[in-house]
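For reference, the structure discussed in these notes is given below.
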Amino acid sequence: MPTAQLINELQSCGVRLADPKAGHESRRGGAGPSDHKAMTVDGMTVMVPVHTAPAFESPYVIEKPDASGYSMVSRDGVSLGSISFPPRPRFYDRSTSDDVPYWKIAVLHSRDVLATTVLQSCIRYQSRTKTCQFCAIGQSLAAGRTIERKTPAQLAEVAQAAVELDGVKHMVMTTGTPPGRDRGAAILAESASAVKAAVDLPIQGQCEPPDDDIWFARMHDAGVDSLGMHLEAVTDDVRAKIMPGKAQVPLERYFEAFEAAVAVFGHGQVSTYILAGLGDAQEAILATCQKLIALGVYPFVVPFVPISGTPLESHPPPAAAFMHQILEPLAQMLRAGGLQATAIKAGCGRCGACSALSTYEREATA
Ligand code: SF4
């Protein structure tokens, strides 16, 4: 099976781990996709669901690692190859002078990405009717796995250590949406500025479109190298149903903001997360991607993962065939539009671990 399809299958079905302790700590709760574990398949490090309900019944099994750290992947007893797990980062063993463990401030995603949620609360998360139905931003906070507000000084300290001890290559700064018109751009700017003063690390900021486009230049000047503004769903019906609070910002505003942001950050340095499997048809997702690519925006299409404890925990993830029918033509569209994951300076699109898209891109190029 080609690597892109194997990754797509593993991400859609999840896996059962014969040794749940294999690899370093998995992501549980938090903003965005979660309940994964990082694993490396044919040189590509990807996040594969391990704590979701479908993963517990997955036909894919990963055996205990052998003495050299490799684990066999099998389906129905038939071996499909081997994977390995990235090692536990060394910066996880440190704490700040006020005794906050570094892993509560930022975590390692995939193999070489430092990720933080600067503000672990969100105006969209206040009530069951307004919350984005897939999001678990409050769960990791309630479980004591993170702190609510990471200060610029804390972020700078952890980023420096993660570069020095673990060789991280770029940083993702996301945020819950605070009250106020900048929608998080201000705290991203002050955080990026502090990190850049401490260490030379490319940074992606992620927020909703701010009310005033001036924030794009402010974030860029502060040290944000690339920007993510995440659509998640692409049609009005699905947006209203799945993310009623965030859907109050209309799609038109997102597209205006994309255009203004590309003018500041550059062609291919603005991206958006699209969660496939929430109800949008393949045609609708591909049509939106085409529009985004024409603007110079990288559409990072990711299979929806049903996170335990969220209103969508029982919603099925998309079938591997559904993802394949999106990712294969999308890789060709990206190529034709002159966009590529590897050209993004920082962020989810460059990391690519939550989707098989970059592997499809690699195979399309080959
Ligand atoms: S794609 Fe984004 S959310 Fe997924 S592992 Fe990479 S940095 Fe983290």
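Numbers here simply count residues along the sequence, with the first being 1. In each ligand, atom 1 is the first atom listed, and ligand 1 is the first ligand listed.
In this structure, W215 belongs to a hydrophobic cluster whose other members, linked by side-chain heavy atoms under 4.5 Å apart, are I214.
Proximity to C348 (heavy-atom distance under 4.0 Å) selects the following atoms of ligand 1: 1 (S), 2 (Fe), 3 (S), 7 (S). Within ligand 1, the atoms closer than 4.0 Å to a non-hydrogen atom of Y273 are 3 (S), 4 (Fe), numbered from 1 in the order shown. Short contacts between ligand 1 and C354, defined as distances under 4.0 Å to a heavy atom of the residue, involve ligand atoms 1 (S), 3 (S), 4 (Fe), 5 (S).
Residues meeting the side-chain hydrogen bond (donor to acceptor under 3.5 Å, both in side chains) test with T272, sequence neighbours left out: none.
The atom of H109 that is an N, O or S and sits closest to atom 8 (Fe) of ligand 1 is ND1.
The CD1 atom of I137 lies 9.0 Å from the CD atom of E148; values are rounded to the nearest 0.5 Å.
With hydrogens and angles ignored, the 3.5 Å screen pairs a side-chain donor or acceptor of H315 with a backbone N or O of G277.
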Exercise for review: Would you sort out whether T174 and T116 count as a side chain to side chain contact (heavy atoms under 4.5 Å, CB included), showing the intermediate values?
Suggested key: CA-CA 6 Å; T174 193; T116 186; over 6 Å; no

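Under 2.8 Å from atom 8 (Fe) of ligand 1 lies no N/O/S atom of C351, from backbone or side chain alike.
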